[in-house]
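Comments concern the structure below.
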Amino acid sequence: MTFKHNFKKVLSATAFAAALVVAPAANVSAATNDASSTQQSATATSQDQQASQDQAASQSSAANQSSSTSTSSATSTSTVKKVAKKTKKTSKKKAVKKVAKKTTKKKATKKAKKTSKKSTKKTTKAATAAVTASADQSQATQATDQQDDAAKKAAEAAAKKAAAAKKKAAAKKAAAKKKAAAKKKAAAKKKAAAKKKAAKKSAEKAAKYWIAMRESGGYYTARNGSCYGRYQLLISYLGGDLSKKNQERTADRYVYGRYGSWVNAKRFWLAHNWY
């Protein structure tokens, strides 16, 4: 029992020391637990072997103690090394994984930034293109509106000008028509006046002829007492000039002065049988 107890102590100390030297501080507890498990397994095995041996083997156990201790120590050291190696390998893998994870994360972050930057650039470019297109469309629409407004104004100006020209032409035509009507009216009036004058002149001439025929038979040399000539005027009216021209002039002066016209003189003659 003393041997087993001492062996257990030696194995625990060895495993613990190896775990402290080889494994990281964070894995000491795990190494110690593995060593304890290994020690317990070895102890159980040794107990089973010891129980199967007879009393005779107990006498030779002292001789083989050194060999058993050496073998157990070697087995324990190998186990501890394996555990330490495994722990180191695990720690290395973890470190590698951590570094790989960090690198992957860094790459992913860098890629995400690059993608975000590229996306932002693409979005900015698209937005710029959209704004430019919108501006171009707006300018085109504005230019079209300006052209339409200019065309509309030009059409309105042309229509207004045409209306003014038409109105002016109509006014000119109306004025010409009015002038022509006035001219025609004046001509008709003039013609009527001329016709009236001609008729009056004709009537005067006829009335004068009618009186001459009644007074002297139309002779310029006819004489009746103190009356002489074609119109039987007093000789004193003639003023000593018995010519035809003077008789005509004197007769007109007498009739127009006394009756206003030969027609009126004829009318008086018809009423009184003299004038």
Side-chain angles (χ1 to χ4, degrees), residues 23-27 30 85-208 252 256-257 259-264 267:
N27 297 322
K85 188 175 182 181
K86 187 177 181 181
T87 303
K88 186 177 181 181
K89 190 175 182 181
T90 303
S91 299
K92 190 175 182 181
K93 283 183 178 180
K94 286 183 178 180
V96 170
K97 284 183 179 179
K98 190 174 182 181
V99 172
K101 189 176 180 181
K102 191 175 182 181
T103 305
T104 304
K105 188 176 181 182
K106 191 175 181 181
K107 286 183 178 179
T109 304
K110 190 175 181 181
K111 187 176 181 181
K113 285 183 179 180
K114 189 175 181 180
T115 304
S116 179
K117 189 176 181 181
K118 189 175 181 180
S119 178
T120 303
K121 189 176 181 180
K122 190 175 181 180
T123 304
T124 304
K125 189 175 181 180
T128 304
V131 170
T132 304
S134 179
D136 293 339
Q137 187 176 1
S138 179
Q139 289 179 355
T141 304
Q142 189 176 3
T144 304
D145 292 340
Q146 289 179 352
Q147 290 178 356
D148 292 340
D149 291 339
K152 190 176 180 180
K153 286 181 179 179
E156 288 178 354
K160 193 174 181 181
K161 189 176 181 180
K166 189 176 180 180
K167 189 176 181 181
K168 189 176 180 180
K172 190 175 181 180
K173 188 176 180 181
K177 192 174 181 180
K178 190 176 180 180
K179 188 177 181 181
K183 191 176 181 180
K184 187 176 181 181
K185 188 177 180 180
K189 191 175 181 181
K190 188 177 181 180
K191 188 177 180 181
K195 189 175 181 181
K196 188 176 180 181
K197 188 177 180 181
K200 186 178 180 181
K201 189 176 181 180
S202 179
E204 288 289 299
K205 188 176 181 180
K208 186 178 182 179
D252 287 336
Y256 285 116
Y259 301 105
S261 66
W262 284 100
V263 173
N264 291 335
R267 192 177 294 118

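Values below: every heavy atom of this structure, side chains too, minus hydrogens, waters and symmetry copies.
Contact check for Asp252 versus Lys208: side-chain heavy atoms found under the 4.5 Å cut-off.
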Please tabulate, for the side chains in residues 173-185, all donor-acceptor contacts under 3.5 angstrom to protein atoms that are two or more places apart in sequence or on a different chain.
none

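Note: Lys197 NZ to Glu204 CD = 12.5 Å, rounded to the nearest 0.5 Å.
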